[in-house]
Amino acid sequence: MTRDLTITAVHLTPILVADPPLLNTQGVHQPYTPRLIVEVETADGVTGVGETYGDAKYLELARPFADKLVGRQVSDLNGLFTLADEVAVDSSRVFGQVDVGGLRGVQTADKLRLSVVSGFEVACLDALGKALGLPVHALLGGKVRDAVEYSAYLFYKWADHPEGVASEKDDWGAAVDPAGVVAQARAFTERYGFTSFKLKGGVFPPEEEIAAVKALAEAFPGHPLRLDPNGAWSVETSLKVAAELGDVLEYLEDPALGTPAMAEVAAKTGVPLATNMCVTTFAEIQEAFTKGAVQVVLSDHHYWGGLRNTQQLAAVCRTFGVGVSMHSNTHLGISLAAMTHVAATVPDLHHACDSHYPWQSEDVLTERLAFDGGKVAVSDAPGLGVALDRERLAFLHRRWLDDDGTLRDRDDAAAMRVADPEWVTPSVPRW
Ligand SMILES: O=C([O-])C(=O)C[C@H](O)[C@@H](O)C(=O)[O-]
Ligand SMILES: [Mg+2]
């Protein structure tokens with residue numbers, strides 16, 4: 001049977017999804033976070049879905065991209081990058097260098113463009129898989145495991161968003177000290193069966209975070225632990241923390257900011273260093289790997305440009321004896337499904353992937369993905385194996401439409417200023 005894989009329509013739906021008051025070194029999560037849901041429709045009536053960052057910058061790029069996609073084949077995945085280049089030329093204003101830095105590493109025009117491509121790539125793969133009756137992992141060469149392991153992503157957290165801020169209530173409670181962090185970790189294991197733990201640090205002075213990791217090590221002896229202050233520490237502080245926690249850490253994630261600082265830390269500690277901040281594009285690999293700055297690269301398939309680029313990154317890491325795993329930002333089930341399909345195809349995945357998904361009480365799927373024993377089963381259903389809940393999508397889109405613009409760009413520092421009007425994004429290194 002032949003199928004007509006021509007793309008006849010593309011729909012972009014920006015949404016705002018509830019997010020708890022999770023703390024990081026820049027501030028606190030806003031009550032709602034923007035995401036973009038991409039749908040591509042083929043001439044045969046097959047629809048594929050994708051998800052990516054939804055801030056205004058991404059939307060501005062996604063719109064002309066969507067227009068140009070109509071008439072092309074969902075199987076033309078390489079063509080997505082050519083198309084992105086064409087859009088780049090057309091919209092040079094948006095594609096000018098956007099060098100704002102932040103928790104996703106330095107945000108270059110290239111990275112924004114690739115994040116947009118990833119949403120479309122996943123949607124095309126989903127449509128192609130549905131059209132051919134094959135799961136996305138099969139289109140990527142086939143799974144080498146039946147389930148993908150994730151780590152519990154622990155955050156220092158307030159019980160509620162600051163007073164006066166409209167938000168959805170969560171049932172996690174506060175975690176602002178070692179006891180709170182351990183209680184949160186226990187809840188993660190009880191609810192989802194996670195066996196490895198990552199604590200988002202850079203929030204409290206390092207001694208307090210060291211105490212929290214030691215408390216985790218005592219509560220969960222032998223379990224893999226990570227600490228990620230998002231580059232908030234000096235080289236000296238990073239080395240002190242490495243010395244204190246060397247025995248219990250699987251790796252230390254982005255203790256210091258940037259490749260030169262990470263290389264200095266790496267040269268003086270045996271604790272492996274991981275990053276989702278200094279190696280975020282192919283162009284950044286050479287310097288980091290030749291300087292021995294990182295031992296594990298955490299891919300985010302969004303800003304690496306999709307699932308096939310993630311496989312290429314894994315191959316480069318393998319070549320250089322560098323480990324690979326996955327980073328995440330606030331995301332929904334479409335992204336978790338995409339992460340799971342690609343992770344299932346990566347041979348040397350020796351570290352549990354990160355996911356914010358347990359923090360998201362809302363989704364756009366008819367059925368949420370489940371963690372069983374800390375793992376997500378790899379779907380063998382055609383495409384990603386997920387179904388869009390159109391009512392939920394419309395509801396979350398309505399929230400985006402109703403917003404006065406203040407929440408359409410993620411801004412953790414602005415959210416923190418609601419609680420503390422004097423707050424400014426701390427300069428780095430903070431400690
Ligand atoms: O591993 C990381 O660096 C992240 O997950 C970055 C995120 O932005 C995280 O810090 C957050 O959501 O607050
Ligand atoms: Mg990180």
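Only a predicted model underlies this, so the values are computations on that prediction, with no experimental measurement involved. Order of listing sets the numbers, starting from 1, for every ligand and every atom in it.
- In summary, the aromatic rings of Trp431 and Phe204 are positioned with their centroids too far apart to meet the 6.0 Å limit.
- For residue Glu253, an N/O/S atom approaches the Mg ion (ligand 2) to within less than 2.8 Å.
- Residue contact check: Glu253 has heavy atoms under 4.0 Å from atoms 1 (O), 2 (C) of ligand 1.
- If you number the atoms of ligand 1 from 1 as listed, the ones under 4.0 Å from a heavy atom of Arg410 come out as 8 (O), 11 (C), 12 (O), 13 (O).
- Residue Asn24 approaches ligand 1 through these ligand atoms, each under 4.0 Å from one of its heavy atoms: 11 (C), 13 (O).
- Nearest N/O/S atom of Asp228 relative to the Mg ion (ligand 2): this is OD2.
- Annotation: Ser328 places an N or O atom under 3.5 Å from an N or O atom of ligand 1; distance criterion only.
- Both cation-pi conditions hold for Arg368 and Tyr357: the charged atom is under 6.0 angstrom from the six-membered ring centre and inside a 45 degree cone around its axis.
- Within ligand 1, counting atoms from 1 as listed, the ones closer than 4.0 Å to a heavy atom of Asp228 are 1 (O), 2 (C), 3 (O).
- Residue His301 comes nearest to Ser118 through the heavy atom pair O-CB, 3.5 Å, listed as atom of the first residue, atom of the second, then distance.
- Between His327 and Tyr153, the distance separating the two ring centers is not shorter than 6.0 angstrom.
- In this structure, a donor-acceptor pair under 3.5 Å is present between the side chains of Thr25 and Arg430.
- Counting atoms of ligand 1 from 1 in the listed order, those under 4.0 Å from a heavy atom of His29 are 11 (C), 12 (O), 13 (O).
- Nearest residue to atom 7 (C) of ligand 1 from Asp412, Asn329, Thr33 is Asn329 (criterion: closest heavy atom).
- Atoms of ligand 1 lying under 4.0 Å from at least one heavy atom of Phe155, given by number and element, are 11 (C), 12 (O), 13 (O).
- Here Met277 has no heavy atoms under 4.0 Å from ligand 1, in either its backbone or its side chain.
- Not a single N/O/S atom of Met277, whether from backbone or side chain, sits less than 2.8 Å from the Mg ion (ligand 2).
- Inspection of the Glu250 and His351 side chains reveals an N or O donor paired with an N or O acceptor under 3.5 Å.
- Under the 3.5 Å distance criterion, with hydrogens and angles disregarded, no donor-acceptor pair is assigned to the side chains of Asp372 and Tyr192.
- Under a 4.0 angstrom heavy-atom cut-off, Asn276 registers as being in contact with ligand 1.
- Looking at Glu284 and Thr259, their side chains never bring a donor and an acceptor atom within 3.5 Å of each other.
- For the residue pair Thr340 / Tyr150, a side-chain donor-acceptor distance below 3.5 Å is found, with atom types taken as modelled.
- Distances below 4.0 Å separate heavy atoms of Lys198 from the following atoms of ligand 1: 1 (O), 2 (C).
- For a threshold of 3.5 Å applied to N or O pairs, the pair formed by Asp354 and ligand 1 contains no separation below that value.
- Distances from the Mg ion (ligand 2) show that Asp254 has no N/O/S atom below 2.8 Å.
- Here Asn230 has side-chain heavy atoms under 4.0 Å from ligand 1, and that is the only part of it that gets that close.
- Residues Phe197 and Phe188 keep their aromatic ring centres 6.0 Å or farther apart.
- Proximity of a side-chain donor or acceptor of Asp300 to a complementary backbone N or O of His302 within less than 3.5 Å is detected.
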